[in-house]
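See structure below.
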Amino acid sequence: MSHAVTYARGSTSVAINATPGRTVLELVDQNGFPLRIDAKDWLIRATDLGNLLLPEDGDRVTEIGTDGRSRTYEVMRVGGEPCWRYADPNHATIRVHSKLVATE
């Protein structure tokens, strides 16, 4: 179930449709303590990013929630993974990891 979001890198942005998702990783930190990482993911058609090409750490995804509030997420790496990966064998869809950084 995709909905409209704005994907931005610096001053360049593009309006696209994205499907929200989630990645949960259970890791162990350097001291042996359990660590849980819960990231908001976005499934995006690779061609929708246009001249932005592929996601980079620090990019921003902004959505308007059903409550009318704007939420901005920053693209980030999750655990030892890159900030994105292909979500299908044909490389038509990418999964972008992010975290909430602002609500207005």
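In what follows, residues are counted from 1 in the order of the sequence shown.
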Between Trp42 and Tyr73, is a ring pair (Phe, Tyr, Trp, His ring centres under 6.0 Å) present by the stated rule, with each step listed? CA-CA 10 Å; Trp42 301 98; Tyr73 300 84; 5.5 Å; yes
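- Criterion: ILVMFWY side-chain heavy atoms under 4.5 Å apart, direct or through other members. Under it, Val14 and Leu43 are not part of a common hydrophobic cluster.
- Among Glu104, Arg60, Glu63, the one residue that satisfies the side chain to side chain contact (heavy atoms under 4.5 Å, CB included) test with Thr72 is Arg60.
- Across all non-hydrogen atoms, the minimal contact from Pro55 to Tyr7 is CB-OH, 3.1 Å.
- Contacts of Ala46 classified as side-chain contact (heavy atoms from CB on, under 4.5 Å), with partners at least two apart in sequence or in another chain: Ile94.
- Distance check: Arg95 CZ to Thr23 OG1 gives 5.0 Å after rounding to the nearest 0.5 Å.
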Determine whether Val61 and Lys40 satisfy the following criterion, side chain to side chain contact (heavy atoms under 4.5 Å, CB included), listing intermediate values before the conclusion. CA-CA 10 Å; Val61 178; Lys40 172 97 175 208; over 6 Å; no
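- Applying the side-chain contact (heavy atoms from CB on, under 4.5 Å) criterion to Asp67, with sequence neighbours excluded, gives Arg69, Arg71.
- What you find for Val96 and Ile44 is that their closest heavy atoms are CG2-CD1, 4.0 Å.
- The side-chain heavy atoms of Pro20 and His3, taken from C-beta on, include a pair separated by under 4.5 Å.
- Using modelled atom types, no side-chain atom of Asp59 and backbone atom of Val75 make a donor-acceptor pair closer than 3.5 Å.
- Of all non-hydrogen atoms in Ala8 and Ser13, the two that sit nearest each other are CB-CB, 3.8 Å.
- Between the CE atom of Met76 and the NE2 atom of His97 there is a distance of 8.5 Å, given to the nearest 0.5 Å.
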Begin from the C-alpha positions of Arg77 and Asp57 and carry the test side chain to side chain contact (heavy atoms under 4.5 Å, CB included) through to its verdict. CA-CA 7 Å; Arg77 295 173 182 268; Asp57 291 333; 3.0 Å; yes
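- Under the side-chain hydrogen bond (donor to acceptor under 3.5 Å, both in side chains) criterion, Thr6 pairs with no residue at all, not counting sequence neighbours.
- Separating the OG1 atom in Thr19 from the CZ atom in Arg45 is a distance of 9.5 Å, to the nearest 0.5 Å.
- Minimum interatomic distance between Ala18 and Val5 (heavy atoms only, all atoms of both residues): CB-CG2, 3.8 Å.
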Apply side chain to side chain contact (heavy atoms under 4.5 Å, CB included) to residues Arg22 and Asp41 and explain how you reach the verdict. CA-CA 5 Å; Arg22 182 176 173 200; Asp41 289 349; 5.5 Å; no
One pair to check against side chain to side chain contact (heavy atoms under 4.5 Å, CB included): Ile16 and Leu49. What are the steps and the verdict? CA-CA 8 Å; Ile16 61 171; Leu49 293 180; 4.1 Å; yes
